[in-house]
Amino acid sequence: MKNKLALIFIVILGLSLYALTLRGVKGNPQPQDFKNQLDQNGQPFELSPERGRFVHILALAESHTFALTRQLANIAYPDVGYHGDKFFSFFAPGIPYMAYPLYLIGAHYHLGQVASFAFVSLMSILALLFLFKIAREILKLPVWASLLAVVIFAFGSTAWSYAVTLYQHHVTAFFLLSAFYAVWKYKHQARGSWLWAVWAWLAYGLSITIDYPNAVLLLPVMIYFLVVSFRISKDSEKIKISLRAPLLLTFAAFILVIGPLAAFNQHYLGSWHTLTGSLPALRTIVEAQQANPDTVVLGPGSTVPEKDVAGFFHQENFMHGLTVLLFSGDRGLFLYAPIFLLAILGFVLKFSERLDLESGFLLGVVLTNLFLYSSWGDPWGGWAYGPRYLIPGMAILSLFVVYALAKAKWKWSVRIAAFVLFAYSCAVALLGALTTNAIPPKVEAVPLHTPDNFLRNWLFFRDGRSDSFLYNYFFGHVINLRDYALVIYALLLIIFVVFLFVVPRFEHES
């Protein structure tokens, strides 16, 4: 019963706080609404990732094609490439297709953009439900700690800023967490275990359709799937090793997803293995034509080469990228959300007690996340709020933050420290969710004479500038932005205090 009530609480809390901070404007934006309007800092389409995905939704709705016209491509600039006589954003096609049904529903009520962004919020709530179940069932944490893991990830990290806009990170987190939980259920041969195996393959395939690097990011989960599919038995003096049939039989579910992706690539890009991210950039096309008018940049015979997607990753970038993602003043995880420092203690406590398979692979996900994007040519994630590439890893880190809270011998000291760190982390997270994600990295911020971290958000906040749909259209005329934020912030601090200090006194910790 407690678990069911906890899941209901997560849904209500997620729907409420994501709704209060969801970014949006009334109406169904058209191409003419973007330039110098919706694409300005503090507006729903301030950065190219939102614009690049949304214009594909517009293309699907208005022209029934994924390909972009030059007019729509100009909106997605600079993250847009070219093939044949059509344009495509560099981002994987999954998010536009997945959000498209909600856009159609919202468009009927002149809320197409708001409904599209709400898709990510809904997927984030699903991710939170699986995060709770992993904490409760796999790590065997008490209900209060499992709920705190949800609160820390959702509202104590910069993940909040990306749950209310059209980015892929929370959808990735959902596929990752749900696939991991599915493999665990499959391992224990739960009822209908073959269905859990099907979902593990489906989640892996679907994750690739929304972000190509997910093929690597979710590999620890699929290796976990492979490991638990082996059966070892001893018969007399012989040891027998066999492979459970569902691992291979359910592989068809993966093909069911990757097949259409390959067909999409063949239809729109001319080859089943060509990715949108490898297309020649529109920026390159324009620059090449300016430099040499004789360069064939459009149509057959183009001399502008495709990019090598794998070339974005370089091992020599690792140490610099790791520093940027964890410690830098413009993107550092521990600057934006120092609550995750406690995850280090959680990992130490967990592995000093018992090294179990599940915890090892959860750590593997975090390390893969760090290695993958530390090797990325742009670890800053462009103009972004915090280390957005680490959002899937933040979900895992939140599990081990609460593991430390539940298992540390010096409970009061750790919990008081957790409250202080969460109060800071939550304030930074809320500041970003209410204002803007458009924070330049230091190398660009200096010549622009603007802050390169959440101090820039403070300028927006101080001036009462928010892109929250509900605030701007319903609450802004009765309450100022400061008080609006204080109400949300106070609610979260109360929830955190109750689960951290009050509930454990009445719940047997197990």
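Worth saying up front: this structure is predicted, and the values here are computed from it rather than measured.
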Hey, is E353 close enough to K407 for a salt bridge, meaning N to O under 4.0 Å?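 K407 and E353: not salt-bridged.
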
Note to self: Any salt bridge linking R23 with D467? Criterion: basic side-chain nitrogen under 4.0 Å from a carboxylate oxygen.
What the structure shows: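 Answer for the salt bridge query: yes.
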
Please give me the minimum heavy-atom distance between A173 and P392, naming the atom from each residue.
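What the structure gives for the nearest pair is CB-CA, 4.5 Å.
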
Checklist line | Residue pairs, two or more places apart or on separate chains, that pass salt bridge (charged side-chain N to carboxylate O under 4.0 Å, His left out) and touch residues 332-352 | finding: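 Sorted result for residues 332-352: K350-D356.
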
Sequence neighbours excluded - salt bridge (charged side-chain N to carboxylate O under 4.0 Å, His left out) pairs with any residue from residues 125-135:
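Found K133-E137.
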
Could you list the donor-acceptor pairs under 3.5 angstrom formed between side-chain atoms of residues 250-258 and any protein atom two or more places apart in sequence or on another chain?
| from | atom 1 | to | atom 2 | distance (Å) |
| --- | --- | --- | --- | --- |
| T250 | OG1 | W201 | NE1 | 3.3 |
| T250 | OG1 | P246 | O | 2.4 |

Consider only side-chain N and O atoms of Y212 and T276, and report whether a donor and an acceptor are under 3.5 Å apart.
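The criterion, which ignores hydrogens and geometry beyond distance, is satisfied for T276 and Y212.
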
Distance-only donor-acceptor hits, side chain of residues 150-159, under 3.5 Å, sequence neighbours excluded:
| from | atom 1 | to | atom 2 | distance (Å) |
| --- | --- | --- | --- | --- |
| S157 | OG | F153 | O | 2.8 |
| S157 | OG | A159 | N | 3.2 |

task: Report yes if the distance between the aromatic ring centroids of F361 and F180 is under 6.0 Å, otherwise no.
output: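 They do not qualify: ring centres at least 6.0 Å apart.
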
- Does the gap between the ring centers of F371 and F318 come in under 6.0 Å?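 Under 6.0 Å, so yes.
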
message: Holding to side chain to side chain donor-acceptor pair (under 3.5 Å), I want the full list of residues that pass it with Y204, two or more places apart in sequence or in another chain.
response: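 Side chain to side chain donor-acceptor pair (under 3.5 Å) list for Y204, sorted by chain: empty.
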
Which atom pairs, one a donor and one an acceptor, fall under 3.5 Å between side chains of residues 5-21 and the rest of the protein, sequence neighbours left out?
| from | atom 1 | to | atom 2 | distance (Å) |
| --- | --- | --- | --- | --- |
| S16 | OG | I12 | O | 2.8 |
| Y18 | OH | S124 | OG | 2.9 |
| T21 | OG1 | L17 | O | 2.8 |
| T21 | OG1 | W160 | NE1 | 3.1 |

ask   = Knowing that exactly one of L363, L176, L390 qualifies, which makes a side chain to side chain contact (heavy atoms under 4.5 Å, CB included) with I396?
value =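 Single pass found, and it is L176.
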
